[in-house]
Trainee: 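Sharing a structure, written as structure tokens. Questions coming.
Chain naming here is simple, since letters A, B, ... match the order of the sequence lines and numbering starts at 1 in each.
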Number of protein chains: 2
Amino acid sequence: MKPASARLVWFANVATGLCKSWSASLVATLKDVAERAGVSRSAVSRAFTEGASVSGRTRQKVYAAAEELGYSPNALASGLTTGRTKLVGLVSDNFHNPLFLEIFDLFTRGLQSRGLRPLLVNLSGERDPQNSLRMLRQYSVDGVIVASSTLPPDFTRSFRGATIPIVHSFGRKAEKPDVHVVGIDNHACGAMAARTLLARGYTSLGFLGGPEEATSTQDRLAGFLQVLKGRKGISVTHSFADGYAFTAGREEMLRLLSGDPAEAYFCGDDVLSVGALSALQTLGMSAPADVGIIGLNDMEMASWPNINLSTIRQPIEDIIDASIELIVNMLDDPERMPESRLFRCDVIERGTLRPIVA
Amino acid sequence: MKPASARLVWFANVATGLCKSWSASLVATLKDVAERAGVSRSAVSRAFTEGASVSGRTRQKVYAAAEELGYSPNALASGLTTGRTKLVGLVSDNFHNPLFLEIFDLFTRGLQSRGLRPLLVNLSGERDPQNSLRMLRQYSVDGVIVASSTLPPDFTRSFRGATIPIVHSFGRKAEKPDVHVVGIDNHACGAMAARTLLARGYTSLGFLGGPEEATSTQDRLAGFLQVLKGRKGISVTHSFADGYAFTAGREEMLRLLSGDPAEAYFCGDDVLSVGALSALQTLGMSAPADVGIIGLNDMEMASWPNINLSTIRQPIEDIIDASIELIVNMLDDPERMPESRLFRCDVIERGTLRPIVA
DNA sequence: GACACTCTTGCAACCGATTGCAAATTTTCA
DNA sequence: TGAAAATTTGCAATCGGTTGCAAGAGTGTC
């Protein structure tokens, strides 16, 4: 069970060129490098550790030997002793909303640029966090990012007991959250949508939400209603789509249009809006001529000229940057008090709402 | 540096309830379980190993102790000795084509269901595989899946030297590939597109491809041209978009329409087609009335009623299943001869081509 | 040249598991 | 009942690193 180091040295003595390709398969270890450089294993370890006590001369020798052997330190072995694996769990349950491709792109790049590695976990309907938590603990991840706007509040709560740094991105804000939350104020966004529609003179308004059990849906609806409640001359209705997905939005809008639709709808997510627009189109209608539509997120597709959706922009770059920053800080200070970090949203004027009335 | 096991036992003696929450933070180890169950560490290890030699009685004792301590084995430590981490590198450079969200969804679920964990690597423009390769080696991944239809052939070639199981999904087929390739026959798809357009009576045909350097673009074009070359009465043109993305497709189609456009275009990817359709719409035109469009992939969006794109379906589920199956097989037999595994594509008739001429 | 001080280095224990081997136990069968 | 066979168990070495500690080398000063 120890051919690697033995054989390696042999090849290393034969020819550097050959060695290079072999070292790739029978991976070189600390010990191999130490022997080749004529120093102790500790010396090699220190040479690869920022700020460790090594002389320049030793470091040179070590680097040279490492280069020849194609050595690079085993992150898992070092994680075993240091307790730092640089692995970060990236947990999500939304693999159907195109926005999340943008989100994964930003997360992976952000983590990579800080030397962290995303271990992707697809919840795919699993509501019990215990399995994921156990799995992530098995891999000794340094931290966990949960990216989801739909998970029930107790999902992340389970992580509280475990002293594992966690941030919930796109989660629900709270005065005293169980874990760090980075996202937007969904309640305020709902209110913003309501005011936007009012300013354009709509008097019969509808909320076409995502799944009723999603916290984001609940909060957006609550904010929407709070602004409108009790206003005279304004009627409000609301209903929910089956999920945050195109088809769900389209179906629900088809259903609404078959009855007595509102003048304008606030859709709980852009992907729902796009579904709703498709429903309009199918019935020979369009926005804003027949029905006004405002979405939420400003996903890339919203700006496509054939969609041109008026929406509320959620600053996903800021949210993701802040999430990563929080995780990184927590690596040093895991006990840090959980806080909610919220970012402002803005209305993006495009072509699915009629203009503001004077 | 060894408070975990020591303290843990103490708590375990005090109260099981308390212990549970603590064991979550100061993670219990093999040793803790062994002590609590009154057996050796080997026994505990064996109790958690499928098919190891343990008596039922010991196993019960161990499970009971493990349950009380909230123990689950450390995957990294075990990976260190067994050489199996159950980590699989999932490498991609396409985070802008919505199709890839579907692809990531399928990959992560497929891997997870086989007990493997995806370590996501975002190439984000990096053309040199050495960095990723080194990184993946550092984490001792059991295998690597490269999911990309655009990477240059020598990207995966670098992995050949390393005896690390690798499959290239959505890659270019070859007689004797450097690594396993799973995907479609892009050349055949190009030919299929050409024949589809001919059958509908188009006489002036265009290829609107993705990036010229992408192997998939090159092969699709070659197949397209091969069918059409030398046919009299048929004219062919081709050009390339800047990337596999909406905007790129739209821009290129706008450019084409400002000149002397063909009667029908084969777009190298659905997302380009959607961009092209948007361009038509902007200029007050539509498909198939003014220009015919056929795409490739059949991404979810292609079936949305307001897009309704005629396209060639790529069976991504099959491709992904086969890729995972290959990786799993290679865990046992890493030296397995690389092969190309190709799946058939089918034309999906929707609304952007005129009907077949009699 | 001797002494005190700082910087380097190697030894050896450790991280949390696995596993070959031999001893101890149980089972089987005459 | 007893010996042989089969099963279970623990010891100790190992995987690839890290790190506290003490010894060794190097520097500066008088």
Trainee: Mind calculating the distance between OH (A:Tyr139) and P (C:dA17) to the nearest angstrom?
Mentor: 13 Å

Trainee: Centres of the B:Phe95 and A:Phe107 rings: under 6.0 Å?
Mentor: no

Trainee: I'd like to know whether the aromatic ring centres of B:Phe100 and A:Phe104 sit less than 6.0 Å apart in this structure.
Mentor: no

Trainee: Check every strand shown and say whether A:Val44 touches a base, only sugar-phosphate, or nothing at a heavy-atom separation below 4.0 Å.
Mentor: nothing

Trainee: For D:dT8, take OP1 and OP2 only and decide whether either is under 4.0 Å from a side-chain N or O of B:Ser53.
Mentor: yes

Trainee: Taking only side-chain N and O atoms of B:Tyr71, does any of them lie within less than 4.0 angstrom of OP1 or OP2 on C:dA17?
Mentor: yes

Trainee: Specify the separation, in whole Å, of atom CG of A:Leu30 and atom P of D:dG16.
Mentor: 10 Å

Trainee: Which is more 5' along DNA chain C, the nucleotide nearest A:Ser55 or the one nearest B:Ser72? Just name the residue.
Mentor: A:Ser55

Trainee: Starting at the 5' end of DNA chain D, which residue's closest nucleotide do you reach first, B:Leu80 or B:Arg57?
Mentor: B:Arg57

Trainee: Over how many whole Å does the gap from A:Arg137 atom CZ to C:dA17 atom P extend?
Mentor: 12 Å

Trainee: Measure NZ/A:Lys31 against P/C:dG10 and give the value in whole Å, please.
Mentor: 16 Å

Trainee: Rounding to a whole Å, what distance do you find between B:Phe48:CZ and C:dA17:P?
Mentor: 9 Å

Trainee: Identify which one of A:Val146, A:Val167, A:Val144, A:Thr156 satisfies the side chain to side chain contact (heavy atoms under 4.5 Å, CB included) criterion when paired with A:Val179.
Mentor: A:Thr156

Trainee: Are more than 12 heavy atoms, taken from residues, nucleotides or ligands other than B:Lys61, located less than 6.0 Å from that residue's NZ atom?
Mentor: yes

Trainee: For C:dT18, take OP1 and OP2 only and decide whether either is under 4.0 Å from a side-chain N or O of B:Thr82.
Mentor: no

Trainee: Atom CG of A:Leu69 and atom P of D:dG16: how far apart are they, to the nearest Å?
Mentor: 14 Å

Trainee: Counting only distance, no hydrogens or angles, is the base of D:dG17 paired donor-acceptor with the side chain of A:Arg41 under 3.5 Å?
Mentor: yes

Trainee: Does B:Ser42 reach a base, just sugar-phosphate, or nothing at all? Heavy atoms under 4.0 Å.
Mentor: base

Trainee: Indicate whether OP1 or OP2 belonging to D:dT19 is found under 4.0 Å from a side-chain N or O atom of A:Thr81.
Mentor: no

Trainee: Between B:Leu76 (CG) and C:dT18 (C1'), how many Å, whole number?
Mentor: 15 Å

Trainee: What about B:Arg46, does its side chain sit under 3.5 Å from the base of C:dG20 through a donor-acceptor pair?
Mentor: yes

Trainee: For the pair made of CD in B:Glu35 and P in C:dG16, what is the distance, rounded to whole Å?
Mentor: 12 Å

Trainee: From A:Ser92 OG over to A:Leu151 CG, what is the distance, rounded to the nearest 0.5 angstrom?
Mentor: 7.5 Å

Trainee: I want to verify a distance call: between C:dT18, C:dG10, C:dT9, whose nearest atom is closest to the A:Thr58 side chain?
Mentor: C:dT9

